[in-house]
Amino acid sequence: MGHYYTVSGKPPTPPHTSGCTIRDLAARLRRLPPSLGPVRLIGVDGHAGSGKSTFAGHLAAALGGAPVLHLDDIASHEQLFAWTDRLTAQVIRPLARGESGHYAPYDWRARAFGSPRPLPAAPVVLMEGVGAGRRALRPYLARLLWMELPHEESWTRGRQRDGAEQREFWDGWVAAERAHFTADPSRPHADALVVQTPGGYEVLPGPGSTLGPDQNVTQRDGSSALW
């Protein structure tokens, strides 16, 4: 929730960093074995307002223009989280066959789905949005990244971003997000935690990481071993 209002169709804001951290992360993702047909599907999850869309845009650029699926385009007012079957039919199954997915992006203002949009079976595909790391999708993910920002701070940022006209929607969203993560939490399964800093992003091993205790736990300036 939130991508449609502020990010869709616009280039990401340039990051306040040299890009070393994200370039190093991108290189590591490219080296992973495919997780869905020929695709390395990377999930970017976190609370609404935590910066998932912006980070995914920077990471996609570092990957040479990797496709990004925004789950705001899959969800709808009637199905804030009950969209797994539609995503599976339109995206997961085609990618598993090495074919392009086709999904109809949802227009949150018109309350209607638009014309089908392709999602190519590229070597790396990013899927960002609340619920990207849900239980039903984790078997298809090469890695799960979690935006490490507390929910209250994330929701405050989201409310400020979307303005007063979305106040009522946000009230309903917060309750729905709480219920979703209570029943199907993503963070405990994250391979990495993404922290936004004044200098860019810091990527740390997540609760689901298999890093040993003797390995460097911080990825900064392209110098550490995340995986």
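Just so you know, residue 1 is the first one in the sequence shown, and it goes up from there.
Y201 OH to L59 CG: the interatomic distance, rounded to the nearest 0.5 Å, is 10.0 Å. Taking NZ of K52 as the reference point, atom CG of L149 lies at 9.5 Å (rounded to 0.5 Å). Here D85 contributes atom CG and I92 contributes atom CD1; the two are 12.0 Å apart, rounded to the nearest 0.5 Å. With values rounded to the nearest 0.5 angstrom, H189 atom NE2 is found 12.5 Å from L137 atom CG. Put simply, CD on E128 and NE2 on H70 are 5.5 Å apart, with the number rounded to the nearest 0.5 Å. Taking CD of Q196 as the start and CZ of F55 as the end, the distance is 10.0 Å to the nearest 0.5 Å.
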*side-chain contact (heavy atoms from CB on, under 4.5 Å) between L119 and L95, worked out*: CA-CA 9 Å; L119 184 74; L95 293 184; 4.3 Å; yes
*ring-ring contact (aromatic ring centres under 6.0 Å, His included) assessment of W146 paired with F181*: CA-CA 13 Å; W146 174 268; F181 280 135; 5.4 Å; yes
*Begin with the C-alpha distance, continue with both residues' side-chain angles, and end with the deciding distance and a verdict on side-chain contact (heavy atoms from CB on, under 4.5 Å) for L25 and L145.*
CA-CA 11 Å; L25 176 60; L145 312 180; 4.2 Å; yes
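Residues T88 and R86 form no side-chain contact, since every pair of their non-hydrogen atoms from C-beta on lies 4.5 Å or further apart. Residues V194 and L204 form no side-chain contact, since every pair of their non-hydrogen atoms from C-beta on lies 4.5 Å or further apart. With a 4.5 Å cut-off on side-chain heavy atoms, P67 and V125 count as touching. Between I74 and L69, some side-chain heavy-atom pair lies under the 4.5 Å cut-off. No side-chain heavy atom of L71 sits under 4.5 Å from any side-chain heavy atom of V130. At least one side-chain heavy atom of M127 sits under 4.5 Å from a side-chain heavy atom of L41. Between V174 and R178, some side-chain heavy-atom pair lies under the 4.5 Å cut-off.
Minimum interatomic distance between A190 and L193 (heavy atoms only, all atoms of both residues): CB-CD2, 4.3 Å. Taking both residues in full, the closest heavy atoms of A96 and L36 are given as CB-CD1, 3.7 Å, listed atom of the first, atom of the second, then distance. Contact between V44 and A132 at its shortest, heavy atoms only, is O-CB, 3.7 Å. In terms of heavy atoms, A104 sits closest to G114 at CB-O, 3.3 Å. Heavy atoms only, all atoms of each residue included: S100 and P94 are closest at O-CB, 3.5 Å. The nearest pair of heavy atoms linking S115 to P105 is O-CD, 3.2 Å.
Checking side-chain atoms of E177 against main-chain N and O of A48 turns up a donor-acceptor pair under 3.5 Å. Under a 3.5 Å cut-off, the side chain of D184 and the backbone N or O of R135 do form a donor-acceptor pair. For the pair D45 (side chain) and G131 (backbone), a donor-acceptor distance under 3.5 Å is present. With T54 contributing its side chain and G51 its backbone, the two residues share no donor-acceptor pair below 3.5 Å. In terms of modelled atom types and a separation under 3.5 Å, the side chain of R138 and the main chain of G133 share a donor-acceptor contact. Side chain of S35 to backbone of R40: no donor-acceptor contact under 3.5 angstrom is found.
Taking the six-membered ring where the residue is Trp, the centroids of Y106 and W108 are separated by under 6.0 Å.
By the 4.0 Å N-to-carboxylate-O rule, D24 lies close enough to R28 to be salt-bridged with it. Of the charged side-chain nitrogens involved, at least one lies within less than 4.0 Å of a carboxylate oxygen, so that R187 and E148 count as a salt-bridged pair.
Other residues, nucleotides and ligands contribute only 12 or fewer heavy atoms inside 6.0 Å of the CZ atom of R93. Within 6.0 Å of the OH atom in Y140, the count of heavy atoms belonging to other residues, nucleotides or ligands does not exceed 12.
Remark: T84 engages R134 in a side chain to side chain donor-acceptor pair (under 3.5 Å) (not counting sequence neighbours).
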